[in-house]
Amino acid sequence: MPLLLAGFLAIGPVDSALAEGLLGAKTPTAPAATGVAPSASNLATAPAPDSPTAQVRSFYVDGADLALADRGRFADPARTVLEKNEILKKSGQGDCLDQNMALDEVPYDKAMLEKTFKSLESINGDEARVVVAFVEGSEPHRLEWKLKKVGGGWKITDLLSVTGEWALSQYQCE
């Protein structure tokens, strides 16, 4: 099923319960047929330390810069794009990534983020998705983080903006 949230363009498949949960529908309590039931949270809710949500949380709680984040938190294709961006910056040719990609390329406003932030996590075997939604100004933003279990821990493999219609994995930083 394509990801279609509040009339935005579809980017990829997502569990329908995950999408409905972010839009205010009741989150299922029974496990999904193919994985763990989605779980919802906001910035005030501390995620489980080893959860997919914990891997993306600092980008919202601390306003962390995706390009400066520890590479150990990423796996391909996201890791390769971030490493190529670092090489490009070091060469003096500029930067091909926006510093606020985790915030859908809008300025970081912690107070607004704390009031409007919602996230929903869905795990299916060794793959997970964390969909985040927040409002900046009067504009809603939705992003989908894709993660994969690597060496016993969750690694970020991609970041997609439903609102901005871009994906980190599609950037060519060369």
Determine yes or no for a side-chain-to-main-chain donor-acceptor pair under 3.5 angstrom, with Ser119 supplying the side chain and Val132 the backbone. no
Using the rule that Ile, Leu, Val, Met, Phe, Trp and Tyr join whenever any side-chain heavy atoms are under 4.5 Å apart, tell me whether Val135 and Val56 fall into a single cluster. no
Straight-line distance of Lys89 NZ to Leu97 CG, nearest 0.5 Å: 8.0 Å
Which residues pass the side-chain hydrogen bond (donor to acceptor under 3.5 Å, both in side chains) test with Asp65, sequence neighbours left out? none
State, to 0.1 Å, how close Ala78 and Asp158 come at their nearest heavy-atom pair, and which atoms those are. CB-N, 4.0 Å
Interatomic distance, CG@Leu66 vs CD1@Ile156, rounded to 0.5 Å, equals 7.0 Å
Under the side-chain hydrogen bond (donor to acceptor under 3.5 Å, both in side chains) rule, collect the residues that match up with Glu86, sequence neighbours excluded. Arg71
With heavy-atom distances below 4.5 Å as the criterion, would you say the side chains of Leu143 and Trp166 are in contact? yes
I'd like to know whether Leu147 forms a side chain to side chain contact (heavy atoms under 4.5 Å, CB included) with Gln55, so could you lay out the CA-CA distance, the side-chain angles of the two residues, the decisive distance to 0.1 Å, and finally the verdict. CA-CA 9 Å; Leu147 298 97; Gln55 288 299 314; 3.7 Å; yes
Please give me the minimum heavy-atom distance between Lys149 and Gly152, naming the atom from each residue. CE-O, 3.8 Å
Which residue pairs satisfy the disulfide bond (SG atoms under 2.5 Å apart) criterion with at least one member in residues 106-150, sequence neighbours excluded? none
Quick one: does any side-chain atom of Thr53 pair with a main-chain N or O of Glu121 as donor and acceptor, under 3.5 Å? no
Supply the atom-to-atom distance Glu105 CD to Ser161 OG, rounded to the nearest 0.5 angstrom. 7.0 Å
Residue set satisfying salt bridge (Lys or Arg N to Asp or Glu O under 4.0 Å) with Glu127, at least two apart, ordered chain then number -> none
With Lys84 via side-chain hydrogen bond (donor to acceptor under 3.5 Å, both in side chains) - residues at least two apart: Glu174
Going by the rule side-chain contact (heavy atoms from CB on, under 4.5 Å), which residues pair with Ala46 if we only count those two or more places apart in sequence or in a different chain? none
Check: Met112 main-chain N/O paired with Thr116 side-chain donor or acceptor under 3.5 Å: yes
Got a second to check how far Leu168's CG is from Trp145's CH2, nearest 0.5 Å? 8.5 Å
Would you say the side-chain atoms of Thr157 and Arg79 include a donor-acceptor pair closer than 3.5 Å? no
Write down the atom of Ala133, the atom of Arg142, and the distance for their closest heavy-atom approach. CB-CG, 3.8 Å
Going by distance alone, is a donor N or O of one side chain under 3.5 Å from an acceptor N or O of the other, for Ser41 and Arg57? yes
Interatomic spacing from CG in Asp109 to CD in Glu114 - rounded to 0.5 Å: 9.5 Å
Going by the disulfide bond (SG atoms under 2.5 Å apart) test, which pairs reach into residues 113-172, not counting sequence neighbours? none
Residues Arg73, Ser58; criterion side chain to side chain contact (heavy atoms under 4.5 Å, CB included); working and verdict: CA-CA 11 Å; Arg73 296 174 63 191; Ser58 69; 3.2 Å; yes
Under 3.5 Å, is there a donor-acceptor pair between the Asp76 and Thr80 side chains? yes
Residues Ala128 and Pro52: closest non-hydrogen pair is CB-CG, 3.5 Å
Is the backbone of Val106 close enough, under 3.5 Å, to the side chain of Asp104 for a donor and an acceptor to pair up by distance? no
Please test Phe59 against Leu159 for side chain to side chain contact (heavy atoms under 4.5 Å, CB included), starting from the C-alpha separation and ending with a verdict. CA-CA 12 Å; Phe59 297 103; Leu159 171 60; over 6 Å; no
Contacts of Asp95 that satisfy side-chain hydrogen bond (donor to acceptor under 3.5 Å, both in side chains) - sequence neighbours left out: Asn85
Ring pair (Phe, Tyr, Trp, His ring centres under 6.0 Å): pairs with one or both residues in residues 83-122, sequence neighbours excluded: Tyr60-Phe117
To the nearest 0.5 Å, what is the distance between NZ (Lys118) and CG (Leu43)? 12.5 Å
Can you name the one residue among Val130, Ile123, Asp126, Asp50 that meets side chain to side chain contact (heavy atoms under 4.5 Å, CB included) with Trp154? Ile123
Using modelled atom types and a 3.5 Å cut-off, is there a donor and acceptor pairing between side-chain atoms of Asn42 and backbone atoms of Thr45? yes
Atom NZ of Lys148: over 12 foreign heavy atoms under 6.0 Å: no
Closest approach of Pro77 to Ser169 (non-hydrogen atoms, all atoms of both residues): CG-CB, 3.7 Å
Does anything in residues 49-93 pair up under disulfide bond (SG atoms under 2.5 Å apart), and if so which pairs, sequence neighbours excluded? none
Do any pairs count as a disulfide bond (SG atoms under 2.5 Å apart) and have a residue in residues 137-174, sequence neighbours left out, and if so which ones? Cys96-Cys173
Using side chain to side chain contact (heavy atoms under 4.5 Å, CB included), reason through His141 and Leu103 one step at a time and then give a plain yes or no. CA-CA 8 Å; His141 294 272; Leu103 293 164; over 6 Å; no
Can you run down the ring pair (Phe, Tyr, Trp, His ring centres under 6.0 Å) pairs that involve residues 67-106, sequence neighbours left out, and say none if there aren't any? none
